[in-house]
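Just so it is clear, the structure is predicted and the values come from calculations on it, not from any experiment.
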Amino acid sequence: MSYKLFIPGPVAVSEKTLRAMTQPLVGHRSSDFVSLYQSLQPELQALFFTQDPVYLSTSSAWGVMEGALRNVVQKKVLCCMNGAFSDKWLDVAQRCGLAAGALRFEWGQPVDPAALRRELATGQYDALTLIHNETSCGCMSDLAAVMAVVREFPGVISIIDTISSFSALAIRKDALGIDIMIAGSQKALALPPGLTPFAVSARALERAAATPGRGYYFDLLEFQRNHANGMTPSTPVIPLIYALQSKLEDIRSEGLETRYARHARLNQTVQAWGRARGFTLFPAAGYGSVTLNCFNNNLGYDLAALNKLLKSKHHLVIDGGYGKLKGKAFRISNMGDETDATIAALLQSLDSALAETPRLA
Ligand SMILES: *Cc1c(COP(=O)(O)O)cnc(C)c1O
């Protein structure tokens, strides 16, 4: 059973990446590992637009999303919520026993900078969580506008999830003043799941040093101490680091601007296709994601039947709606290694499958 993933993560992984993962292991305290780790830093820092260290956690992104909270929240964290992942981040903070406030928006609406300013001005908060690209509903907030507000509150450490937007467009960590910026592997980087690169400011490390109960596995100070020696705190999934090395080569040869332009162009191609077929977009106008399109199922197709056809006849799958949007919306990813040709083939398959898909409404 083999089919191509056009869901917004995990996405299809290239043969080159898979091959890279089969290289022989090295010891994680060996000079070979240190050379490998250190060789990746400059390009990672360039992708994050940062002078800060970029750490590698071979956990899924949620590990670092939870760990970041436990490192920097002393008073109360404000969770900006506009989709499934950001909703869950509040729940995770509460499960860690932290005081957490909710700044709620409808799914698909961007985080409103003015509302954020009003809430932060209450002075209750010393940290903030925000998801740049809410993958669950295809909504991308205006990070520049949001971070301009956050910078007005120097006591607030910002934890920004760029998991499904990282490397698909420029996110200038240092210029924006992001303290902890978290990327993901199985989204736009098109690596297998389980690797989380993240960059941390000196301010966040200082906060961590004064925060009790950080634990061990996601202790930022452990990451920093080991990073200084070209290593990770515990044994990483070394094949994923080989995969990252291979992907950084790909990005270097494509060029960042070309990569960003490719994501924007393919995103528009899919969007134009959907609009031409009569589908409307779920996210608020002007806040659609650049790495996926979340369309309303306003034409009432049986999305489960559609995906069944896509899988059996066309050997690909899209997403039939996340969480409470299941059956009501569908998502098509254009992140990773997709090209004009692969997206054209996808859209052709979609047209053919839609023609055979029953409508429920
Ligand atoms: C995929 C995703 C996550 C979760 O990543 P895991 O690797 O499953 O932990 C978190 N946030 C966003 C925005 C995502 O797209």
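No side-chain heavy atom of Tyr55 sits under 4.5 Å from any side-chain heavy atom of Pro233. Residues Gln124 and Lys75 are not in side-chain contact: their nearest non-hydrogen atoms beyond the backbone lie 4.5 Å or more apart. Proximity of Phe85 to Glu134: side-chain heavy atoms (C-beta onward) are separated by under 4.5 Å at one or more points. No side-chain heavy atom of Ile332 sits under 4.5 Å from any side-chain heavy atom of Leu292. You'll find the side chain of Ile160 reaches within 4.5 Å of the side chain of Leu130, heavy atoms only. When side chains are defined from C-beta on, Val34 does not count as touching Asn229, because their heavy atoms never get closer than 4.5 Å. Val72 places a side-chain heavy atom less than 4.5 Å from the side chain of Ile180. You'll find the side chain of Leu36 reaches within 4.5 Å of the side chain of Gln245, heavy atoms only.
Other residues, nucleotides and ligands contribute only 12 or fewer heavy atoms inside 6.0 Å of the CZ atom of Arg95. Counting non-hydrogen atoms of other residues, nucleotides and ligands closer than 6.0 Å to NZ of Lys88 gives a total of 12 or fewer.
The nearest pair of heavy atoms linking Tyr37 to Thr232 is CE1-CG2, 3.8 Å. In terms of heavy-atom proximity, Gly67 sits nearest to Phe218 at CA-CB, 3.7 Å. Contact record, Phe282 with Asn296: CD1-OD1, 3.2 Å, taken as the closest heavy-atom pair. Nearest approach of Ala329 to Cys294, heavy atoms of both residues: CB-SG, 4.0 Å. Of all heavy-atom pairs between Ala12 and Ala190, the closest is O-CB, 3.7 Å. Closest approach of Asn82 and Gln109 over heavy atoms only: ND2-O, 3.0 Å.
The backbone N or O of Gly327 lies less than 3.5 Å from a partner atom in the side chain of Asn297, making a donor-acceptor pair. Judged by distance alone, the side chain of Thr17 and the main-chain N or O of Leu191 form no donor-acceptor pair under 3.5 Å. A distance-only check finds no donor-acceptor pair linking the side chain of Ser60 to the backbone of Gly194 [under 3.5 Å]. With Ser349 contributing its side chain and Ala345 its backbone, the two residues share a donor-acceptor pair below 3.5 Å. In this structure, Ser352 contributes its side chain and Gln348 its backbone to no donor-acceptor pair below 3.5 Å. In this structure a side-chain-to-backbone donor-acceptor pair under 3.5 Å is missing from Asn71 to Ala208. A donor-acceptor contact shorter than 3.5 Å links the side chain of Asp219 to the backbone of Leu221. A side-chain donor-acceptor contact under 3.5 Å links Tyr242 to the backbone of Pro24.
Remark: aromatic rings of His314 and Tyr3 are distant, center separation not under 6.0 Å. Annotation: His28 is not in aromatic contact with Phe33 [ring centroid separation under 6.0 Å not met].
Separation of atoms SG (Cys80) and CH2 (Trp89) is listed at 9.5 Å; rounding is to 0.5 Å. Atoms CG and CG, from Asn334 and Asn267 in turn, are 4.5 Å apart once rounded to the nearest 0.5 Å. Atoms CG and CZ, on Leu220 and Arg214 in that order, are 8.0 Å from each other to the nearest 0.5 Å. Going from atom OG1 of Thr58 over to atom CG of Leu195 covers 7.0 Å, rounded to the nearest 0.5 Å.
In this structure, Glu338 does not pair ionically with Arg265, as no charged nitrogen and carboxylate oxygen lie closer than 4.0 Å. Ion pairing between Arg331 and Asp319 holds under the 4.0 Å rule for side-chain N and carboxylate O. Salt bridge status for Glu222 with Arg225: present, with a side-chain N to carboxylate O gap under 4.0 Å.
Connection of Val156 to Ile182 is established within a shared hydrophobic cluster, with ILVMFWY side chains joined at heavy-atom distances below 4.5 Å, either directly or through further cluster members.
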Run Lys247 and Asp337 through side chain to side chain contact (heavy atoms under 4.5 Å, CB included) and show every step you take. CA-CA 10 Å; Lys247 181 53 60 180; Asp337 300 334; 2.7 Å; yes

Check against salt bridge (Lys or Arg N to Asp or Glu O under 4.0 Å), Asp179 and Arg207: CA-CA 11 Å; Asp179 288 299; Arg207 173 71 67 79; over 6 Å; no

Could you go step by step and tell me if Thr50 and Gln45 meet the side-chain hydrogen bond (donor to acceptor under 3.5 Å, both in side chains) rule? CA-CA 5 Å; Thr50 190; Gln45 286 177 312; over 6 Å; no

Run the numbers on Asp250 and Lys16 for salt bridge (Lys or Arg N to Asp or Glu O under 4.0 Å), then give the verdict. CA-CA 9 Å; Asp250 299 346; Lys16 174 176 179 284; 2.7 Å; yes

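Sorted by first and then second residue, the salt bridge (Lys or Arg N to Asp or Glu O under 4.0 Å) pairs involving residues 55-70 (not counting sequence neighbours) are Glu66-Arg70. Applying the salt bridge (Lys or Arg N to Asp or Glu O under 4.0 Å) test to pairs two or more places apart or on separate chains, those with a residue in residues 300-317 are Lys313-Glu356.
For Leu98, the side chain to side chain contact (heavy atoms under 4.5 Å, CB included) partners at least two apart in sequence or on another chain are Leu69, Val73, Cys96. In terms of the side chain to side chain contact (heavy atoms under 4.5 Å, CB included) criterion, Ser312 has no residue partners (sequence neighbours excluded).
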Show me, pair by pair, the donor-acceptor contacts under 3.5 angstrom made by side chains of residues 144-154, not counting sequence neighbours?
| unit_1 | atom_1 | unit_2 | atom_2 | d |
| --- | --- | --- | --- | --- |
| Arg151 | NH1 | Leu176 | O | 2.8 |
| Glu152 | OE1 | Arg117 | NE | 2.9 |
| Glu152 | OE2 | Arg117 | NE | 3.3 |
| Glu152 | OE2 | Arg117 | NH2 | 2.9 |

Show me the donor-acceptor pairs, under 3.5 Å and distance only, between side chains in residues 163-173 and residues at least two apart or in other chains.
| unit_1 | atom_1 | unit_2 | atom_2 | d |
| --- | --- | --- | --- | --- |
| Ser164 | OG | Asn133 | O | 3.1 |
| Ser164 | OG | Asn133 | ND2 | 2.8 |
| Ser164 | OG | Thr135 | OG1 | 2.7 |
| Ser165 | OG | His132 | ND1 | 2.7 |
| Ser167 | OG | Arg259 | NE | 3.4 |
| Ser167 | OG | Arg259 | NH2 | 2.8 |
| Lys173 | NZ | Asp52 | OD2 | 2.6 |
| Lys173 | NZ | Ile178 | O | 3.0 |

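Phe330 pairs in a ring pair (Phe, Tyr, Trp, His ring centres under 6.0 Å) with only one of the listed residues (Tyr301, Phe279, Tyr322), which is Phe279.
Side chain to side chain, Asp87 and Trp107 meet the donor-acceptor criterion of an N or O pair below 3.5 Å.
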